[in-house]
Structure formats: C-alpha cells, structure tokens
Amino acid sequence: MSGISSGVGLATGLNITEIVDAIIGVQRNALVKLADRAAAFEATEGGIKTLEANLLTLNTSVQKLNLKSTFETLKATSSDSSQFSVAANSTATAASYQLQGLRLSSNHQVVSNGFSDSDTTPIGTDTTITLSRGGKLDDSKLLEELNNGLGVQRGSIRITDRDGQTEVIDLTRTLNIQDVVDEINGSATSIVASIEDDHLVLTDTSSGLGTLKVTEVSGGKTAADLGILQSAAGSTLTGDSVYRVTSDFNLSQINDGNGITTVSGSEDFQITASDASTFNVDLDSAQTIGDVVDLVNNNASNGGKVTAAITSDGKLTLTDNTGGVATTFEVTALNDSLAARELGIQTTGLGGTITGTLSGGLNSVLLRNLNGGVSASSTVLNAGQVYFEDGAGGNATIDFSGVETLDEVINAINANGSIQIEASLNATKTGIQIKDTSTASGTSIEIQDTTGNLAGFLKIDTVLADSKHTVDSGSLDLRYVNKNTSLSTYGKNGTAVTSGSIRITDRDGVSFNVSLSDSETTKTVGDVLTKINEAAATAGAKINARLNDFGDGFIVESTGGSSFDVKVEEVSSGTVAASLGIKGAGATGVTSRQITEVSVEATDTLQDITEKINATGVASATIIDDGTAFNSARLSITSSRSGAAGELILESDYNFGFSTSVDADDALIRIGSNPQTSFLLTSSTNSFDDAITGLEIDLLSTGLSPSTINVARDTSGIKSTVTTFINAYNSFVDAKNSLTGFDTETNARGVLNGNSLVQTTVSRLEGMLTKKLSISNSSVKSMAQLGVRFNGNGKLELNSATLDALLADDPDAVTEFFQQEDTGFAVVMDDVITAMTDPFTGTLKAQTDSLQASALALNTRVDELNTILEARRERLIRQFTLQETIVNQLNSQQTALDGLQKASSS
C-alpha cells in the first residue's frame, strides 16, 4: 500500500503538503490583513498609554503646584553660619530673630593628684569611688525665679568700694544668683558678695572710710532687681529680699523642688485649735500653695477658727483665732500622709501661730530634706542646742531651735564669737564641714548635742577622743529624686527609661507583673511606685515601693516573708527593670539609686581604676602625664553626659585629690539683641530645637555679636517645582513627537501619526499654557508673566530672572496664580489633565477601551478563521491521502493484470 513520505505522494509523486499549503495560503491572506489591523489597533493603544503616562507625570507636578506646602515652605538662614546652624520645619513661621551664642556645652572633667606611675604601684588601700550627679546643697535659684517670678533685667551695675575704686560689672550672661555673686567677686574691687537666705550681702574688705555704693548703668534696673541699688556708710550692704514663695507657686516648686506627698482619696492632716476643736484637711485637689491656703480657710469645719496665709517673707502660717486655753494649737498627720511635715507645719504652735518654711532660700536647702528627706520611717529633726569646743578650749552652746535651712545652721556657727570654728559646705558641696581655726597645738574639736539631735542629724557630732580638727559630714543625702522626677531623664546618663513590663517576686515566692508600657500613665517615678504597689496589692504580695533613704532614687522592699530574696526581673526580654536600676535581687529589697559605685582594692593601680570606671558607662577615664619629674601620672575622669546635669560628684575615703579641670556647663544662647530685654536659654547639648517653635538650632561657636536668624518663604522650592513642571511638559512633547512623527526617508509613521485625539490633547494643554486666567487681585495672570514661554520646538523654557524677580517682589501673586480657588492655573490644569486621564471617564480611557475592543474582536475573528483553515487543511490532507490510496490500489491492480498477461502469454 502506497502512502505519503515527506509531504510527497508515493503513488502520484505529487508534493501534497505544498499543494495544500498553497491552497490554504491563498485563503489565509485575508486573515493576515485582519491580524495587521488588530496589531495596528494595539500599537495605537500602546501609543496612547505612553502619552497618558507622560500626562500623569505632568499632572503630578501640576498637583504639587496646587499644594499649600509648596508655597508655604519656610527656610531658615543664619547671618553668621559659623555661629549657628538653623533649619525650619513645618511648624515654623516667617520671622526674624537675633541669637547670640554665649557658651558651648561641655562635659565635666576632673583630674586627680599625681601618682608615681600608672600601672605598677598600687594605691595601697581598699576604698570606693562614688560617682553621683545630684545632692549638692548650694543649688542656686535662677534669676527668672526672683521678684515673685518677674525675674531680673540683665544688664550692668556699677560698684564703688569704700576706697573709692569703681568697676562696672557685666551681668548680662548670668543665669542664677550664684553667677551674680561670682561676677561681683571676680571684680577688681574689694567687695565680697555672698548670699543670705533671700537676699544678697556685699561686704567691703578694704580699709577705706568712704561709702559702699551700687548704682545702675545706662538707665538699667539690674541693681534694683537684685535688691542692691543702695549705699551703705559701713562695710556691709545688705540687699533687699528678692526671693520668696508666693501663693502662685506650684507645689512641685516648694520643699526644695520635692513637692509634697499626699494620700490620694484620704485626708492628709488634722488641725487642732486651742479650744480643742478639730478639722481635717484633704489636699488631693491642691496644685499651688495658694490652693493649700484656700483648702484650710474654706474648710467646712473651720468656720474661721484658723487662718492660713502666706507671709511677706514667703512662709506658710496657721493662726489660731479661738483664744482657747483647753489645749495646744497643733497639726498632726493623718493616714500616714507626709504633707504636713513637708509643708513644715506638723508641729505644736507657739503663741497661737504655726509657721512652715517652704523653701531653702536663694541657694540653700531645708534641713528636712537631708538624710533622704521626709519619709514615714525617717528621723524627725529636733533642732535643739549643740555644744561646740574648739582646739584652744573656747566653747559655746548654740541654740538652733527654729532653724529650718542649712545656711541658718552655718551662719549661726560662724556668728558665734566664743569659738574659733568655721562652718561651710564641704569640698563636694554635698555635706557640711566644721573646721577648727584655733591654734594647731590645741586639743581636738568637740561637737555634741545638748538637747535635740541636730549634730547627729548633720553627722558632725564628735568627741575630744576623736583627735579631729576638721569634721566633714560626708554626703548628707539631700533628697533630689522625688515622685515628680521625670522618667524621661531617670535612666543612665540622663536617658529616658524604656517602656515594658517587669516581674517582681516577694520573699514568699509570690510573683506578679507590672506593666510600665503606657506612656500616658507612666511618666514619673511616682507613677512607677503607684503601679508597683497596686499590682502587689492585687497579687497579695508582701512588697512596697517607696522613695529610698538616700534621696537619690527608690526602693522595692519586702514587707514580710523569709524564704527567698526579693527579685525584680525583665518580662519578654525587656530592658525597663535595668533602665530603672532595679534589675536584681536582695534579701530586704532592690534599691534604685542615681549613683555609681566603683569598688577599688588596695592592690589596684591607677590603670586598674581607669578600667573599672570605664566599665560603668557613666564616665570615661584615662591617665595623663603632667610632665613633672615626680608623681606625674594623673587620673582624668570625664562625664559621659554633657551639660550642667552631667556634673560628676566624686566621693571617696581615699584622698584622690580630684579637682575640676573642665566645668560642667550647659550651652547658653541669648535670644534678642538687647540684653536688658532679651532672655537666655540653656541646653545640655548644643542643640536648641525647643527654643523657637519650628526651628532646629545648633550652636556651633560663641559669637561677639548676635546672628540674625531669618525665617522666610523658601522660593527655591517654588522655582524647583515650576522647573519640574516644565521638564514634565517637555517630556510629554518628546513622547508626542516620537509617537506622531513621520520619517521621510523610510516613510515610517509614528503609531499616533494623524491621531485626532493627540491633536486635541496638545491643543488643550497649549491653550492653558498661553491663555490669561481670571485671577483676581493678582498681577500675575499667565505663565508668560512668570517667565514660562514656548520656544521654537514647541517646548517650554523658563526665564529664571523673571520668576526670581516675581518671587522676591510679590510671592503671594505667584501663589494666587497657581492656587486661587476654581481659577488658579494648577487648579484648572489639574481638571484638564484629569478629564483626559481619569481611569474611568477620561477621553484617553475611552479611546483605549475602543481600540482594545476592536483589536480583541479582530484577534478573536483571526483565531476563529485560523481554526477553520486548520480544519480545512486537515481535510485536504485526508482527501489527498485517500487519493494516493486509490491510485496505489489501481497501480497494484494494474501490476497484477500485467502479471496475468505475461503468465498467459507464456
């Protein structure tokens, strides 16, 4: 049986594949035309989409021209860029400021005495170096706090001593009252300034007999504001009072900044009048010291029996109006509240009046805030009589009854002429020093309480057997961390405490979690204490959180149980416990302190001590060589925290001889050009981002004169946006030219050549770019007036000088041209482009949808016809195959007949 091999019939010899393909090919020509038409539709659709993409890019630039932020963006510049670096953010307002850099911030640095070497010789004794950042007893009041909050006008004063020597003293850079004292004492006059309670004292140490006098300079009022605008015939000028607590003081400002501790939801103290009547006072609603006065006077059970008031010297008084004799006039605490003690009124009145001292004055502290401050378990001070004896045998018993501040104690000792003893703050300013100034061959100094406990309270009690001529109390543990202390600076090196949860276990093994994640309810140390105590109560745990007994933090302590240590842990790999300084365990509790202790062993060298200090992270230590022949190795320690808050207070039983080589200073700037009307700002760093709203200010160097900080509209941003629009339009033109072009050499046409939609689109855009718009109240009504014109190639170009001039002279007109409601260029152009490019209703969308439908219909028809032709081809192949079969059969029959004929012939 014959078949088809390689498309050629074996019987007929015909190339059947070529014959069939030729037949089908003739019929396929119509199909090709349909496919070409579909491809043309698709190409046109692609061209329109390319055009649409360019229009969308153009519209993005148009929409930016319609953003207020484009035209309201402000730029800050400094006339002295070497003094300040400035930047404006979105909250800035156009204005001009005068800023002068007065001081850069610095990190506190101390240097020790010299040692023989750094890495061979041990110091020879076990000791501890304590590094703390608070507890100094001479924290001076800011000048802004003086004169009932009116402050002090900063200027210059003229001082004339009794010898007639005169000097003008510049006080324009002083921040606090101690700065004023330092400037006066640094003058060439013989005047020594000091602070006593609420006023300044000037003492003339010369032998002159003239008049000690302070006058103003250039019509200022600095001397008057400082209370020293006066003359004195003698050697002492006592200034007027310039600081007192008023009813407007917030409670957080009194009690040396520690505020008062009330019991929420309960009464805080009871007042008993001398007629035996009583009434209770609840201070929950009190915010100011005036509120305290009102809550006493307006108490429903008072009825005028007791009158509370703030005296002219800033003290809180309670006056008994009953005239009764049945009992004493007194104030007693209720519900374990500490408020009465912290107000200084928890006492029995004398003469029908109880007086509470609310502040330590200009630069001293209240005695009640020493030894960790007022707490339920702290020692109650009873300032009675103290016996003093100097080395020469001179003695005196000084009555300290009624003293409230440390300065009052020091002044009382120094004023006593019967003893040669000098009292002062110690070297670290954290305690008191009593020095015997009598003959060195005398016996030891003696200090003993006769009545009361003041000497013991101040840690200066000593007996003759102690063989001491100088008594240093060491740190008196001033309370400086309180319930109002912010967690934003409580962490290491003044960092913010992290958020999260902690787990606490009491000594019976009862555990509970405390969530400290809510930033709105966890802002202060007091919030932490409250949350711990509430969670402990809920869990039934024997745990109490309170301020510690050192004044520098708090403690999570056990209130019972004995099986385990109190333990504080992190939850879920958090860091909040460590950040608070309470991660760990202890038999009685875990204490958080704002100090760092470095344990030094007798075998440690200077290098060993350096490594231990560096490991703390609160300071960096190094060894320097001062170049001397002997003992040239010195330990230098630098605080890791910049500014005044980073000041290191170093205490040790071993005499390292630390002295300050670099002061801990905040950066200082003046805002305003006139020192008398300007004000000063400080920063622990050299950044002043909160100084002026919307400005980020960095102090780079100090300046001899103010730098002008100008905040104005950033026209460069406007120009940049206009340039972006021009570039986007020109890109559209390039795309349009490529899509509609005609190559005369190849006769090739762009896919959108002759497309009417393109012509319509271009016409609309060019019309917008050339027409005058109805912009009211504006001198700019067309793009041409902005310097935007067409060149000979149909593209836009910008005359920068024209636009720059307009932006300089009338930037509002430019804004109005682009953004005026309904008629502004950006508003209308956005509408025009959107009408063409809208993904649902745009004209380009309608065109592409039509093209897509046409192409789809043609391609569908092509697919259908291809199917038909393929079936037809298969049918022809079958027909030719059948034909080959028949021919083959005929050939076979013929061959058989021929064989029969041959056989019969033979």
Side-chain angles (χ1 to χ4, degrees), residues 107-136 426-431 433 459 462 465-477 492-493 548-550 552-553 565 578 581-641 646-662 664:
N107 293 63
H108 190 213
Q109 183 177 19
V110 298
V111 179
S112 72
N113 289 334
F115 289 78
S116 59
D117 57 72
S118 63
D119 55 3
T120 301
T121 306
I123 67 166
T125 184
D126 291 338
T127 189
T128 298
I129 300 176
T130 301
L131 297 88
S132 60
R133 302 186 188 278
K136 293 185 70 171
N426 62 11
T428 61
K429 304 295 181 70
T430 60
Q433 175 181 281
K459 306 175 186 178
T462 185
D466 291 336
S467 301
K468 293 181 178 178
H469 288 275
T470 298
V471 177
D472 190 329
S473 68
S475 175
L476 287 175
D477 294 327
K492 191 173 185 178
N493 292 325
N548 68 25
D549 297 327
F550 305 102
D552 57 11
D565 283 350
I582 53 173
K583 182 180 180 180
T588 59
V590 181
T591 300
S592 168
R593 301 189 65 186
Q594 295 282 284
I595 67 167
T596 300
E597 292 183 334
V598 178
S599 179
V600 179
E601 298 176 6
T603 55
D604 283 343
T605 65
L606 215 57
Q607 183 61 48
D608 295 327
I609 298 173
T610 297
E611 292 172 0
K612 289 182 176 181
I613 292 174
N614 286 334
T616 67
V618 301
S620 60
T622 188
I623 297 170
I624 60 176
D625 192 314
D626 65 11
T628 57
F630 301 99
N631 297 330
S632 62
R634 294 175 181 263
L635 176 62
S636 174
I637 303 174
T638 303
S639 174
S640 299
R641 183 180 180 185
E647 181 179 7
L648 292 172
I649 300 172
L650 291 94
E651 297 176 283
S652 177
D653 292 337
Y654 182 85
N655 183 20
F656 284 94
F658 291 121
S659 61
T660 295
S661 57
V662 178

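In this text the structure is predicted, and so the values were computed from the model without any measurement.
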Got I123 and F115 here, is their nearest side-chain heavy-atom distance under 4.5 Å? yes

Looking at side-chain heavy atoms only, is the closest gap between L650 and I129 below 4.5 Å? yes

Could you walk me through whether F656 and V110 pass side-chain contact (heavy atoms from CB on, under 4.5 Å), step by step? CA-CA 11 Å; F656 284 94; V110 298; over 6 Å; no

Flag the pair L635 / V111 as yes when at least one side-chain heavy-atom distance between them is below 4.5 Å, and no otherwise. no

Tell me every residue that passes side-chain hydrogen bond (donor to acceptor under 3.5 Å, both in side chains) with S592, counting only those two or more places apart in sequence or in another chain. Y490

Non-neighbouring partners of T588 that pass side-chain contact (heavy atoms from CB on, under 4.5 Å), sequence neighbours left out: none

My understanding is that only residues two or more places apart in sequence, or in another chain, count here; which of them pass side-chain contact (heavy atoms from CB on, under 4.5 Å) with N548? R479, F550, D552, I555, T591, R593

Can you name the nearest heavy-atom pair linking G617 to S640, along with the distance? O-OG, 3.2 Å

Residue pairs fulfilling salt bridge (Lys or Arg N to Asp or Glu O under 4.0 Å) with at least one residue in residues 629-639, sequence neighbours excluded: D626-R634

Among all residues two or more places apart in sequence or in another chain, which pass the side-chain hydrogen bond (donor to acceptor under 3.5 Å, both in side chains) test with N113? none

Enumerate the residue pairs fulfilling side chain to side chain donor-acceptor pair (under 3.5 Å) with a member in residues 609-623, sequence neighbours excluded, ordered by first and then second residue. D604-K612

Would you name the heavy atoms of G627 and S632 that are closest together and state the gap between them? N-CB, 4.1 Å

Pairs in or reaching into residues 113-126: which pass salt bridge (Lys or Arg N to Asp or Glu O under 4.0 Å), with residues at least two apart or in two chains? none

side-chain contact (heavy atoms from CB on, under 4.5 Å) partners of A585, counting only residues at least two apart: D565, K567

Tell me the closest heavy-atom pair linking A633 and S118, and the distance in Å. CB-N, 4.1 Å

side-chain contact (heavy atoms from CB on, under 4.5 Å) partners of K459, counting only residues at least two apart: N371, S473, L476, D477

What residues form a side-chain hydrogen bond (donor to acceptor under 3.5 Å, both in side chains) with D608, not counting sequence neighbours? T605

Regarding T428 and T430, is there a side-chain donor-to-acceptor distance under 3.5 Å anywhere? yes

Those residues at least two apart in sequence (or on a different chain) that pass side-chain hydrogen bond (donor to acceptor under 3.5 Å, both in side chains) with T120 are none

Working note: Y654 + T128, criterion side-chain contact (heavy atoms from CB on, under 4.5 Å); need CA distance, chi angles, decisive distance, verdict. CA-CA 8 Å; Y654 182 85; T128 298; over 6 Å; no

Backbone N/O of F630 and side chain of T628: donor-acceptor pair under 3.5 Å: yes

Distance only, no hydrogens: is a donor on one side chain within 3.5 Å (strictly under) of an acceptor on the other, for Q109 and S639? no

What are the two closest heavy atoms between S652 and T127, and how far apart are they? OG-OG1, 3.0 Å

d(I623 CD1, S636 OG) to nearest 0.5 Å is 10.0 Å

Among side-chain atoms of H108 and T638, is any donor-acceptor pair under 3.5 angstrom? no

Do I637 and I613 have side chains that approach each other closer than 4.5 Å (heavy atoms only, starting at C-beta)? yes

Passes side-chain contact (heavy atoms from CB on, under 4.5 Å), R133 versus L648? Steps please. CA-CA 5 Å; R133 302 186 188 278; L648 292 172; 3.7 Å; yes

Sort and list the pairs that fulfil salt bridge (Lys or Arg N to Asp or Glu O under 4.0 Å) and have at least one residue in residues 646-658, not counting sequence neighbours. K136-E647

Residue pair S132 / I595: nearest heavy atoms and the distance that separates them: CB-CG2, 3.5 Å

Before giving the answer on side-chain contact (heavy atoms from CB on, under 4.5 Å), spell out for N493 and V618 the whole-Å C-alpha distance, their side-chain angles and the decisive distance to 0.1 Å. CA-CA 6 Å; N493 292 325; V618 301; 3.7 Å; yes

